[in-house]
Undergrad: 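Okay, handing you the structure first.
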2 protein chains.
Amino acid sequence: MGITSHDVARLAGVSQPTVSRALRDDPRVSEATREKVRRAAQALNYVPSEAGRTLSTRATRRVGVIVTDLTNPFYPHVIAPLHDELSGLGYRMMLITERSDEAVAEEKLLDQSMDGVVLATATTDSRLPAQLERRGMPYVFLNRDTGRAGDFASVVDNEGGGRLVARELVALGHRHVAGVFGAANTTTGRERELGFRLALAEAGVGLVEDRVVRGAFEYDTGYRALPALLAADPAPTAVFCGNDVVAIGVLNAALAAGVKVPDDLTVVGFDDLPMAAWEVFRLTTVRHDLGELSRQAARLLVRRIAGEVDPGGERLVLPTEFVPRATHARAH
Amino acid sequence: MGITSHDVARLAGVSQPTVSRALRDDPRVSEATREKVRRAAQALNYVPSEAGRTLSTRATRRVGVIVTDLTNPFYPHVIAPLHDELSGLGYRMMLITERSDEAVAEEKLLDQSMDGVVLATATTDSRLPAQLERRGMPYVFLNRDTGRAGDFASVVDNEGGGRLVARELVALGHRHVAGVFGAANTTTGRERELGFRLALAEAGVGLVEDRVVRGAFEYDTGYRALPALLAADPAPTAVFCGNDVVAIGVLNAALAAGVKVPDDLTVVGFDDLPMAAWEVFRLTTVRHDLGELSRQAARLLVRRIAGEVDPGGERLVLPTEFVPRATHARAH
DNA sequence: GCTGGTTGTGAATACGTATGTATGCCATGA
DNA sequence: TCATGGCATACATACGTATTCACAACCAGC
């Protein structure tokens, strides 16, 4: 069934090691032999077994990517550029969705079946990074990190983004603002909230707890949060959402509840997913380069695998930009 | 760095094969020895190297999944259940996005680095299945297939779904209908169009070429198609879209163009993605069980890998159901 | 005390590639 | 003519696991 380098060697009249070297363009093999080997390999339709190669080189050229819920529209926009960048760097992608099942994930990660891991779902209380560290498995954080020093991470200036939004809302005259923030055990959730709060406070605007909701970065979080926020007294005139997916949940809930956006309520998201620009949403949001965020993470991981990296950690931070569209307006 | 079964053997005072057997619950090893080995493995934090295992067993417990554009909202809803089902069956998922680059894909697929492949992007003119066949690599089609006999495929009753839509539109009095169908080299595109046309014809309703657009199953296809369709004379009162993503493109274009849905135009999709139910769309569409479609493909592939399968091919077809929401109305 | 069957374990080996080291060959220069 | 050195290739082996086969130890039965 399987053609091996031995078969090629026999046909080409050389030894197996020569086949190995010839096909990988080792300069020590002469041009004539190389050509002979190439032809034999071609004739037999030989493809080197990556299992053999892996065992011999102790490198799999494979990288694991851990996400939670793939059907969340955010992740595909991370996974796609990540896949392509890794592919360009000669690595393949194993997709792993980490449910509560951390034990299983660990088992899968620690069997040397990949050279490194991209963690796109880190929570500040996750034990996984420590496990990886102990086993010497290279990993980087993507989008979220643990917030601790020494991390290798590709992230966004979340705090800055939160500030941008607060300043815009204040400039528009909003004094009663609300937030549907991400989970408190994620850095993305915390930092966006922090930046938002700090800049509000600088302008003398408060953010009271009954106008704050926290939850997973999901559609439903936004959809279900709206009624609670509207029940606050006085009701908020603007709401900053933890990300675009949450904001889209809020927009849909607003439509269902007959709340006019932006006349009755200003809604602002974060991420600027392509979907945010759709005509039905025209969502005002905070942009960052999600593709670059991912590619950067891929390159950082590959550098870490190769060991060409600052042992004290590297944290690559992408800037944010306010994107005004049609879901914000002056306070009424 | 890496702990091997030899290390465990040494600590437990047994031979390496005994470790291998004990940890995999081979009945030939005594309970006492098994326990001793387990303890040693635990103490050393031993995890079997999957590279060694792969080389020895010639099975990788890995499956490749080929998609085109991950950022298309359709794919995550396939990949997520596929991942989970495969995971439950003891397989891991390698994600591969196949650009025009077929050669690269082949190379990656044929190096024995996975036990089987799920093809979610088959076109009727793809050479890949033949390549896989020649190398004896098990594969199944998911959602799309080649339309040839002997395939292993998990698909939807596309023709039936197309018929459902045609009958509903006819019943609503639509006589000038349009279609934004999928690409002609996909079975999903062809079969939905076919069913739609056949049932229209049975009702004596024609579908003229200037009210037909074909293109990739993407947002932009729908978004860009609308102006062309509206230019037809007489303009259509209803449009059937190749899938929900296309329909959502049409809905957004309608909003931009000031076309009222469903008063001016009925729009119908296909797939019933969660997004279709969003308040901003309330898309009338054709439902099938996308999760089951994927899980079924996973099980079929695993059976094919195990060889427990009808050599003449197996084609699992899921039924469709019309889902009336808010984007259809009587013809004016 | 021998045979024959079980049961549990170890020795040897296969899997396919890559690599460190040795070997053979040839040209060069004295 | 022979030593030297560079070049191309072969030999041996490592990588970590699973498996085949052989072999002990043990027991039952005669």
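Proteins get letters first, then strands, A, B, ... in listed order; numbering begins at 1 in each. Just so we're clear, the structure is a prediction, and the values are computed from it rather than from any experiment.
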Undergrad: Determine whether a donor-acceptor pair (N or O, by modelled atom type, separation under 3.5 Å) exists between the side chain of T121(B) and the backbone of T68(B).
TA: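 Not confirmed, T121(B) side chain does not pair with T68(B) backbone.
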
Undergrad: Note the angle between the end axes of the helix from dG1(C)-dC30(D) to dA30(C)-dT1(D), five pairs defining each, rounded to 10 degrees.
TA: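 Computed angle between terminal axes is 60°.
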
Undergrad: Output a table of donor-acceptor pairs, distance under 3.5 Å, between side-chain atoms of residues 35-47 of chain B and any protein atom two or more places apart or on a different chain; print 'none' if there are none.
TA:
{"unit_1": "E35(B)", "atom_1": "OE1", "unit_2": "R38(B)", "atom_2": "NH1", "d": "3.2"}
{"unit_1": "R38(B)", "atom_1": "NH2", "unit_2": "D25(B)", "atom_2": "OD1", "d": "3.3"}

Undergrad: For the pair made of CZ in R10(A) and P in dT17(C), what is the distance, rounded to whole Å?
TA: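 After rounding, the gap between these two atoms is 12 Å.
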
Undergrad: If you take any heavy atom closer than 4.0 Å to DNA chain C, which residues from residues 32-39 of chain B end up in contact?
TA: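 Of all residues in residues 32-39 of chain B, the ones placing a heavy atom under 4.0 Å from DNA chain C are T33(B).
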
Undergrad: Do NZ/NE/NH1/NH2 and the carboxylate oxygens of R61(A) and E50(A) come within less than 4.0 Å?
TA: no

Undergrad: For D289(B), what residues pass the salt bridge (charged side-chain N to carboxylate O under 4.0 Å, His left out) criterion, not counting sequence neighbours?
TA: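 For D289(B), no residue satisfies salt bridge (charged side-chain N to carboxylate O under 4.0 Å, His left out) once neighbours in sequence are set aside.
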
Undergrad: Taking D84(A) for the side chain and P81(A) for the main chain, is one N or O donor matched with an acceptor at less than 3.5 Å?
TA: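 Such a contact is absent between D84(A) side chain and P81(A) backbone.
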
Undergrad: Do we see a donor-acceptor contact under 3.5 Å between the side chains of T60(B) and D115(B)?
TA: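 A donor-acceptor contact under 3.5 Å links the two side chains.
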
Undergrad: Whole angstroms only, please: what is the CZ-P distance between R28(B) and dC23(D)?
TA: 17 Å

Undergrad: Taking atom types as modelled and ignoring hydrogens, do the side chains of T146(B) and D151(B) form a donor-acceptor contact shorter than 3.5 angstrom?
TA: yes

Undergrad: Do R92(B) and S113(A) have side-chain N/O donor and acceptor atoms under 3.5 Å apart?
TA: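 Present: a donor and an acceptor within the cut-off.
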
Undergrad: Indicate whether OP1 or OP2 belonging to dA8(D) is found under 4.0 Å from a side-chain N or O atom of S30(A).
TA: no

Undergrad: Which donor-acceptor pairs under 3.5 Å do side chains of residues 294-301 of chain A form with protein atoms, sequence neighbours excluded?
TA:
{"unit_1": "S294(A)", "atom_1": "OG", "unit_2": "V78(A)", "atom_2": "O", "d": "3.4"}
{"unit_1": "S294(A)", "atom_1": "OG", "unit_2": "L290(A)", "atom_2": "O", "d": "2.8"}
{"unit_1": "R295(A)", "atom_1": "NE", "unit_2": "E292(A)", "atom_2": "OE1", "d": "3.4"}
{"unit_1": "R295(A)", "atom_1": "NH2", "unit_2": "E292(A)", "atom_2": "OE1", "d": "3.4"}
{"unit_1": "Q296(A)", "atom_1": "NE2", "unit_2": "S154(A)", "atom_2": "OG", "d": "3.0"}
{"unit_1": "R299(A)", "atom_1": "NH1", "unit_2": "E85(A)", "atom_2": "OE2", "d": "3.3"}
{"unit_1": "R299(A)", "atom_1": "NH2", "unit_2": "E292(A)", "atom_2": "OE2", "d": "2.7"}

Undergrad: Can you measure D26(A) atom CG to dT19(C) atom C1' for me and round it to whole angstrom units?
TA: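 To the nearest whole Å, that distance equals 10 Å.
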
Undergrad: Atom pairs, N/O to N/O, protein against nucleotides 14-18 of chain D, distance under 3.5 Å?
TA:
{"unit_1": "dG16(D)", "atom_1": "N2", "unit_2": "G52(B)", "atom_2": "O", "d": "3.3"}
{"unit_1": "dT17(D)", "atom_1": "OP1", "unit_2": "Y46(B)", "atom_2": "OH", "d": "2.6"}
{"unit_1": "dT17(D)", "atom_1": "OP1", "unit_2": "S49(B)", "atom_2": "N", "d": "2.9"}
{"unit_1": "dT17(D)", "atom_1": "OP2", "unit_2": "S5(B)", "atom_2": "N", "d": "2.6"}
{"unit_1": "dT17(D)", "atom_1": "OP2", "unit_2": "S5(B)", "atom_2": "OG", "d": "2.7"}
{"unit_1": "dT17(D)", "atom_1": "O2", "unit_2": "S56(B)", "atom_2": "OG", "d": "3.0"}
{"unit_1": "dA18(D)", "atom_1": "OP1", "unit_2": "R24(B)", "atom_2": "NE", "d": "3.4"}
{"unit_1": "dA18(D)", "atom_1": "OP1", "unit_2": "R53(B)", "atom_2": "NE", "d": "2.7"}
{"unit_1": "dA18(D)", "atom_1": "OP1", "unit_2": "R53(B)", "atom_2": "NH2", "d": "3.1"}
{"unit_1": "dA18(D)", "atom_1": "OP2", "unit_2": "S20(B)", "atom_2": "OG", "d": "2.6"}
{"unit_1": "dA18(D)", "atom_1": "O4'", "unit_2": "S56(B)", "atom_2": "OG", "d": "2.6"}
{"unit_1": "dA18(D)", "atom_1": "N7", "unit_2": "Q16(B)", "atom_2": "NE2", "d": "3.2"}
{"unit_1": "dA18(D)", "atom_1": "N6", "unit_2": "Q16(B)", "atom_2": "OE1", "d": "3.0"}

Undergrad: Side chains of F152(B) and P138(B): does their closest heavy-atom pair fall under 4.5 Å?
TA: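 No. Closest side-chain heavy atoms not under 4.5 Å.
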
